[in-house]
Colleague: 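Take a look at this one; I'll ask things after.
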Amino acid sequence: MRTWLLRGRFHAHSVGGRIEGGYRIAALIPVDVIPYAAAQVQRFSTPAYGEAAVSGSAQFALNYAAQSSTATRLELGTWLDKRFALSSGSALALRGRVAWAHDHSSSGALNAGFQTLPGASFTVNGARPPSDLALLTGGAELILPNRVSFGFKLDSELASRAQSYAGTATARYAW
């Protein structure tokens with residue numbers, strides 16, 4: 001049995017940005033309402049590179065074309081926020097979010113060619129992420145009078161054929 005070990009080395013580059021704006025409408029109903037809009041752009045680039053044989057033959061080594069892809073996201077939604085005063089000067093903040101997001105990504109295709117067979121190439125197409133998502137968030141934060149707070153939140157992104165769930169816990173000290 002033959003064993004080939006091939007390695008490709010490259011440095012990928014990514015740059016992105018997000019801008020978000022909202023306005024707190026205080027005590028309109030029993031909770032504060034914060035409608036918001038956001039736009040986000042992410043660019044990911046890899047240079048052209050080729051695999052090299054670490055051991056064995058380089059017969060099946062591949063060359064990869066330079067790749068760049070851009071992903072954009074637009075969000076429209078509302079945050080809901082309610083604070084409760086607790087004994088000893090502490091406060092409990094409950095927060096939730098309901099939003100719609102539209103994601104647009106350029107092609108997820110990867111082009112490769114065999115080094116020893118000029119002109120023999122192929123394309124691998126990745127799974128296309130859903131375009132429209134419902135964003136739901138729920139969380140709480142305990143704010144202590146000594147400027148320490150502890151919080152958690154659960155985020156979900158829901159689409160017709162994909163779901164994503166994430167949790168975050170925080171411990172914060174403000175000075």
Side-chain angles (χ1 to χ4, degrees), residues 8 10-47 64-111 123-175:
F10 63 94
H11 294 283
H13 301 282
S14 179
V15 63
R18 179 179 173 97
I19 186 166
E20 182 174 326
Y23 183 77
R24 179 180 296 271
I25 303 169
L28 180 65
I29 52 178
V31 298
D32 290 350
V33 177
I34 305 110
Y36 80 97
Q40 178 176 308
V41 177
Q42 184 80 24
R43 177 106 172 134
F44 183 76
S45 300
T46 57
Y64 294 89
Q67 296 283 120
S68 291
S69 63
T70 302
T72 58
R73 171 178 269 204
L74 300 174
E75 288 180 26
L76 293 173
T78 300
W79 282 96
L80 304 170
D81 187 61
K82 178 67 178 174
R83 288 184 182 237
F84 299 94
L86 303 176
S87 62
S88 72
S90 298
L92 177 65
L94 301 177
R95 295 185 181 98
R97 172 180 66 159
V98 176
W100 165 78
H102 179 76
D103 285 339
H104 176 74
S105 299
S106 55
S107 172
L110 177 66
N111 300 312
T123 301
V124 177
N125 291 307
R128 188 149 189 91
S131 297
D132 294 303
L133 304 123
L135 308 178
L136 301 173
T137 299
E141 182 179 20
L142 177 62
I143 305 157
L144 303 175
N146 61 357
R147 299 183 304 223
V148 172
S149 64
F150 300 97
F152 74 91
K153 72 175 181 166
L154 300 171
D155 291 298
S156 63
E157 294 186 356
L158 308 170
S160 62
R161 63 181 199 276
Q163 294 84 37
S164 172
Y165 303 96
T168 304
T170 58
R172 183 180 318 186
Y173 175 75
W175 63 89

Colleague: For Asn146 versus Tyr173, what's the shortest heavy-atom pair and its separation?
Modeller: O-CE1, 3.6 Å
Colleague: Where do Gly16 and Gln42 come nearest, in terms of heavy atoms and distance?
Modeller: CA-OE1, 3.7 Å
Colleague: Decide whether Gln67 and Thr46 meet the rule of one side-chain donor and one side-chain acceptor closer than 3.5 Å.
Modeller: no
Colleague: Do the charged groups of Asp32 and Arg83 touch, with an N to O distance under 4.0 Å?
Modeller: no
Colleague: Roughly how far, to the nearest 0.5 Å, is the NE2 atom of His11 from the OG atom of Ser45?
Modeller: 14.5 Å
Colleague: Give the intermediate values and the outcome of side chain to side chain contact (heavy atoms under 4.5 Å, CB included) for residues Trp79 and Val98.
Modeller: CA-CA 7 Å; Trp79 282 96; Val98 176; over 6 Å; no
Colleague: Taking the side chain as C-beta and beyond, is there a heavy-atom pair between Lys153 and Arg95 under 4.5 Å?
Modeller: no
Colleague: Taking the side chain as every heavy atom from C-beta outward, state whether Phe150 and Ile143 have any atom pair closer than 4.5 Å.
Modeller: no
Colleague: Between the main-chain N or O of Pro30 and the side-chain N or O of Lys82, is there a donor-acceptor pair closer than 3.5 Å?
Modeller: yes
Colleague: Would you confirm whether Ser156, through its side chain, and Leu136, through its main-chain N or O, come within 3.5 Å as a donor-acceptor pair?
Modeller: yes
Colleague: For Glu75 and Tyr36, test the side chains for any donor-to-acceptor distance below 3.5 angstrom and give the result as yes or no.
Modeller: yes
Colleague: Whether the side chain of Arg97 engages the backbone of Thr137 through a donor-acceptor N/O pair (distance < 3.5 Å, no angle test) should be reported.
Modeller: no
Colleague: Looking only at non-hydrogen atoms, find the nearest pair between Leu80 and Val33 and report the distance.
Modeller: CD2-CG2, 3.9 Å
Colleague: Could you check if a side-chain atom of Ile34 sits within less than 4.5 angstrom of a side-chain atom of Thr78, using non-hydrogen atoms only?
Modeller: no
Colleague: How far does CG of Asp132 sit from NE2 of His102, to the nearest 0.5 angstrom?
Modeller: 6.0 Å
Colleague: Decide yes or no on side chain to side chain donor-acceptor pair (under 3.5 Å) for Gln40 and Arg18, but give the supporting numbers first.
Modeller: CA-CA 4 Å; Gln40 178 176 308; Arg18 179 179 173 97; 2.8 Å; yes
Colleague: If every non-hydrogen atom of Ala12 is compared with every non-hydrogen atom of Phe44, which pair is closest and at what distance?
Modeller: CB-CZ, 3.6 Å
Colleague: For a side chain to side chain contact (heavy atoms under 4.5 Å, CB included) check, start with the C-alpha distance between Ser14 and Arg43, then their side-chain angles and the critical distance, and finish with the verdict.
Modeller: CA-CA 6 Å; Ser14 179; Arg43 177 106 172 134; over 6 Å; no
Colleague: What distance do Ser149 atom OG and Glu141 atom CD have between them, rounded to the nearest 0.5 Å?
Modeller: 4.0 Å
Colleague: Identify the two heavy atoms, one from Leu135 and one from Ala101, that lie closest to each other, and give their separation to 0.1 Å.
Modeller: CD1-CB, 3.8 Å
Colleague: To the nearest 0.5 Å, what is the distance between OG1 on Thr168 and CZ on Phe152?
Modeller: 11.0 Å
Colleague: Check the pair Leu94 / Asp81 against side chain to side chain contact (heavy atoms under 4.5 Å, CB included), numbers first and verdict last.
Modeller: CA-CA 6 Å; Leu94 301 177; Asp81 187 61; over 6 Å; no
Colleague: Got a second to check how far Leu142's CG is from Ser90's OG, nearest 0.5 Å?
Modeller: 5.5 Å
Colleague: For the residue pair Asp103 and Pro130, what are the closest heavy atoms and their distance?
Modeller: CB-O, 4.0 Å
